[in-house]
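These notes are about the structure you will find just below.
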Amino acid sequence: MAVSPQSASLLGRRGRLALDELLATLVVEGYLLAEDAKQVRMGSRSGRSTAELHPLVLIANAQLPNQRDPGRALSLEGLTAWLAGQAGLPYLKIDPMKINAAVVTQVVSRAYAERHRILPVAAAPGEVTFATCEPFDGAWAADLAQMLRRDVKRVVSSPLDINRYLLEFYGVQRSIQLAQDAKGSGYDSSAILNFEQLLELGKSGEVGADDRHVVHIVDWLLQYAFEQRASDIHLEPRRETGQMRFRIDGVMHKVFELPPPVMTAVTARIKILSRMDVSEKRRPQDGRIKTRSTSGREVELRISTMPTAFGEKVVMRIFDPDIVAKDFSQLGFSPDEGEAWRAMVERPHGIVLVTGPTGSGKTTTLYSTLKHLATPELNVCTVEDPIEMVSTEFNQMQVQPAIDLDFAAGVRTLLRQDPDIIMVGEIRDLETAQMAVQASLTGHLVLSTLHTNDAPSAVTRLLDLGVPHYLIQSTLTGVVAQRLLRTLCPYCKQETEQDPHEWTALTHGWSVPLPDKVYKPHGCLECRNTGFKGRTGIYEMMQLSSRLRGLISAQLDLSHFGHAALAEGMRPLRISAAAQVARGVTTVQEVLTVIPPIEHGSA
């Protein structure tokens, strides 16, 4: 792209950016109208609070129309990328997941970084990379290269991101250092509890909770996880250093490292918040935390601790109320699947089972279904271990093995509570299965889960538990097997051609035409350059017809039963997934990482 004379003057200048020059250049380049530029200029002179704002932020805040892209406003990221091009430097959208804060914060002091509006984002033995929002103010780079005896590379990033991560990286790192060595830090240690108490974890619930540095680390960790759309937070103690990892869209990402003493203190803080016994480190414990995200939305976390060789491992599962979709289509059901699911769950009695491995979305499906079914005219009750998400629409009871309140005892209790619909967290043993069958026979709808790989296997699982085949025949309404697939980012997915060999491997044995249009991941700011954003379900729905009921016997042939289910209209998981690929929701490669090309019993 040719550079206009006005752009050349901007490129040729040195020093901090000036609003007037930026506006003039944007007008000459055709991004802004002169009237809009005048409006921003006048607004900046009249507002006192705008004096310290970066010129790019002032322009972006005005939400002015982009004359080169009709229908869109000039965004801060778009302006930053444009500025990088003007300066001839690379543009970087800062991704904190890819930055080792412990290393980069050792390169320069926070005061130096704030003075020059820079942020170290990568550090290698021979080179350090700095993000700047002042690309024409580069005098510091030569001085720093000489002091560090390393090459200094500059990239251009959003001023808001630089300010934010300056505070976060240096703030968290300072808290870690102070928590690790309060006495020798040079700060007023009277405000900090004796760290030896944190290491011992005391017996007082106040240890760790009053340490402002540990509190800061935990608060930052939770808010960071919410922003990154994490479903689980893992705190893993190791011999040399503790690891923080997030599970995002089903994939684990390493986030941060903590010294072992600080990891111990953070674990203690989390145990206090979740009302666990802080002094008990030998036994696994469970708890929960209710908190709010920065946007004010209430979020619930389920906490689990486990003793390991180097300390307690903590996993925090995040339950955002927004993920419980009210519309079945939001869960990934096609119109036909949604109709079949309603036919199963809107009956007055019977057993409906959802199967799949841990983390396959069974809980979300069941809760969304219960919310759909729960009306003022019905009494909906659940027995769970533990209660996944507390909801006001139905009555929830938690299993308590210590007082012999197991699933079977829970269902027995619920039957005396005049229920219409019962949800059993999981059918694990014969007694629970028998109570579910009894509830169904007495006119109740029972929803529950099983751990099987496909829908037909649920019948053999019930037979293995010891449920008589004639009771399965008379009570089982249907079984749904499900998995979760990452969905393509709608903002950046790109059209591509489908490899026919991959498609044949996925749809083997089924006549499914090659889709005319499929998409591949690309990566953008919205999806943090992964190409995927969020997950959706794929389903294998088996409704028990009279023919299938007749095939259920004590010596059930699973292969024959599976083929009969297919003949009755059941579609295997891979065909449900193929439909999602054809709709442009995901890719064949993503499907094949979740399910094998040929499902058992469905070839």
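All values below come from the heavy atoms of this structure, side chains included, with hydrogens, waters and symmetry mates left out. Note that the structure is predicted; figures quoted are calculated from it, not measured.
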With rounding to the nearest 0.5 angstrom, report the [atom1] to [atom2] distance, [X] to [Y].
X    : Y    : atom1 : atom2 : result
C492 : K533 : SG    : NZ    : 10.0 Å
Q434 : L430 : CD    : CG    : 3.5 Å
T267 : I303 : OG1   : CD1   : 11.0 Å
K517 : E497 : NZ    : CD    : 13.0 Å
S391 : E300 : OG    : CD    : 10.5 Å
M423 : L414 : CE    : CG    : 11.0 Å

Can you check whether [X] reaches [Y] side chain to side chain, under 4.5 Å on heavy atoms?
X    : Y    : answer
I351 : V437 : yes
R269 : L273 : yes
I94  : R164 : no
P96  : Y165 : yes
Q589 : K520 : no
M344 : V480 : yes
R317 : S304 : no
L222 : L301 : yes

Fill in: Heavy atoms from other residues, nucleotides or ligands near CG of D516 exceed 12 (cutoff 6.0 Å)
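No, because the 6.0 Å sphere around CG of D516 holds 12 heavy atoms or fewer from other groups.
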Would you say [X]'s side chain and [Y]'s backbone share a donor-acceptor pair under 3.5 angstrom?
X    : Y    : result
R549 : Q473 : yes
S440 : A436 : no
Q580 : V585 : no
S368 : T365 : no
W503 : P515 : no
N395 : N379 : no
E393 : T375 : no
D420 : L378 : no

Practice prompt. Let me know which of K254, K313, H253, Q243 forms a side-chain hydrogen bond (donor to acceptor under 3.5 Å, both in side chains) with H234.
Written response: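 Per the side-chain hydrogen bond (donor to acceptor under 3.5 Å, both in side chains) rule, the option paired with H234 is K313, out of K254, K313, H253, Q243.
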Side chains of [X] and [Y], donor plus acceptor under 3.5 Å:
X    : Y    : value
E77  : S75  : no
S545 : E568 : yes
T369 : W341 : yes

May I ask you to decide whether [X] forms a salt bridge with [Y], counting only side-chain N to carboxylate O separations under 4.0 Å?
X    : Y    : value
E431 : R412 : yes
E426 : K362 : no
R428 : D385 : yes
R302 : D286 : no

Discussion item. Between L353 and T452, is the side-chain contact (heavy atoms from CB on, under 4.5 Å) condition met? List the steps.
Written reply: CA-CA 11 Å; L353 298 175; T452 62; over 6 Å; no
Worksheet item: Relative to each other, are the rings of Y224 and F246 parallel, tilted or perpendicular (30° and 60° limits)?
Response: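 Judged by the thresholds at 30° and 60°, the geometry between Y224 and F246 is perpendicular.
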Worksheet item: Does the pair H444 and H349 meet the rule for a side-chain contact (heavy atoms from CB on, under 4.5 Å), with working shown?
Response: CA-CA 4 Å; H444 303 92; H349 58 81; 5.8 Å; no
